[in-house]
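Counting starts at 1 for both ligands and their atoms, following the listed order.
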Amino acid sequence: MIRYDLSTALSFLEAHDLEAVRPRAEAAHRMLLERTGPGHEMLGWRDLLLQPDDALLEDIDTTAAEIREQADVFLCLGIGGSYLGARAVIEALAPQFRSPVEAETERPRLPEVLFAGHHLSGRYLKELLAYLEGKSVYVNVISKSGTTLETMLAFRVLRPWLEARFPDAARRIIVTTDPARGRLHDMAETFGYRRYAIPPGVGGRFSVLTPVGLLPIAVAGIDIRSLFYGAVEMCERLTDASDNPALDYAALRYLFHERGYAIELLAVFEPRLSGIGAWWQQLFGESEGKAGKGLYPDAIQYSTDLHSLGQYVQEGRRHLIETFLMVEREPEPLTIPDTGDDRDGLAYLAGRTVQEVNRKAYEGTRKAHADGGAPVSTVWLERLAPGPLGACLYFFMHAVAISGYLLEVNPFDQPGVEAYKREMYRLLGKP
Ligand code: PA5
């Protein structure tokens with residue numbers, strides 16, 4: 001379901017560089033599998049795939065069906081790992097535009113999934129409340145710690161708003177948090193909110209395949225079983241160190257890191273994959289960026305950004321590598337019409353498809369950027385569907401674990417994110 005093509009990037013290295021680093025990459029891979037590396041207590045994201053909990057998937061599907069039936073808007077409150085995975089999968093797979101059939105019926109068949117609690121904009125919250133007026137709203141508060149300011153502040157605003165409008169407000173609030181502790185856990189107990197657990201051994205950025213991601217994804221009408229089992233399949237496949245694309249990807253990144261490269265761009269040619277880019281950015285940024293190490297991860301969308309960042313990528317400072325995330329099979333091609341004239345200069349494209357043009361844009365960009373001095377490689381996703389997407393999520397999680405171990409950092413902690421919080425809370429006078 002996932003293929004990794006690193007052939008072009010290899011021309012930037014000596015012939016045996018990749019072979020030379022392989023034993024170290026394999027050792028890092030073993031540390032992950034044998035649970036001997038730093039942060040090994042945070043490998044719950046693998047455990048849940050190794051022992052799938054079908055009853056949980058069914059339970060989530062049942063809750064999602066109720067919400068789909070009752071809600072106009074499903075509002076997810078969460079930040080970082082508590083929203084990026086859900087948003088990524090929904091953006092990748094849910095309809096981009098509401099179909100006329102849905103628009104005509106009184107209630108859209110699928111609720112609109114919205115996000116809040118991922119920043120501190122009062123303006124956003126005010127406009128959101130105005131937008132929600134008159135709609136049937138369900139809220140999913142997602143926070144492992146149950147203390148994150150952005151999320152809890154949004155909930156503090158939404159809770160009385162819901163209570164003032166819906167006699168069954170408590171049923172409309174669903175909490176996803178630590179199974180045993182935290183303020184959010186305690187509030188759920190006190191007020192009788194429905195609760196889903198984030199397993200203690202799963203960090204935020206690795207939690208997309210727990211209820212953190214699965215409930216919003218299921219509400220959006222996406223088949224969570226296929227998504228989950230796509231990840232299971234990839235998890236099984238990547239157990240073997242030989243012919244292992246995640247190991248190759250991690251090893252290649254490491255080689256360029258050691259040669260002084262500072263940035264990795266994850267470039268997509270399909271706007272639906274931009275959310276995966278944002279999720280990947282957090283996954284790699286928080287996992288590797290410590291002890292003065294790590295490639296700075298930047299997600300960009302082509303061909304849009306070829307008209308803004310393209311200049312830098314082509315001719316700017318030569319310290320970046322570029323990874324394309326591409327979809328192999330594109331169904332339902334859109335044929336470019338033959339208008340019978342060439343006034344727009346595009347007659348040469350008539351009868352071909354927009355998908356073909358986009359593919360050529362990728363091929364042209366790959367060649368141009370490589371010629372310009374950027375080592376490029378490509379992760380190929382078989383198709384844009386739940387199974388391959390689940391495989392893709394696991395592929396990157398597996399790769400970042402190996403990558404962290406190659407850099408000799410703990411890929412599963414994030415001590416640095418506390419620094420701004422300390423300063424902010426001091427300024428706010430938090431007791
Ligand atoms: O990956 C992480 O651990 C973080 O991005 C968290 O997900 C984020 O800070 C939100 O934390 P919490 O779920 O505790 O509100």
Practice problem: Return the set of residues passing salt bridge (Lys or Arg N to Asp or Glu O under 4.0 Å) with K367 (not counting sequence neighbours), or none when no residue passes. | Solution: D371
Exercise. Write down, by chain and number, every protein residue that brings a non-hydrogen atom to less than 4.0 Å from an atom of ligand 1.
Key: I79, G80, G81, S82, S143, K144, S145, T148, G204, R205, Q282, E286, Q414
Practice problem: Hey, could you give me each pair passing ring pair (Phe, Tyr, Trp, His ring centres under 6.0 Å) that has a residue in residues 154-190? Not counting sequence neighbours. | Solution: none
Self-check item: Test side chain to side chain donor-acceptor pair (under 3.5 Å) applied to R318 - qualifying residues, sequence neighbours left out
Solution: none
Quiz item: Under 30°, 30 to 60°, or over 60°: which ring-plane class applies to F12 and F256, parallel, tilted or perpendicular?
Solution: perpendicular
Practice problem: Take E288 and R253 through the salt bridge (charged side-chain N to carboxylate O under 4.0 Å, His left out) test and state the conclusion after the steps. | Solution: CA-CA 11 Å; E288 286 191 337; R253 300 176 77 257; 2.6 Å; yes
Practice problem: Locate the shortest heavy-atom distance separating I222 from P386; write the atom from each residue and the value. | Solution: CG2-CG, 4.2 Å
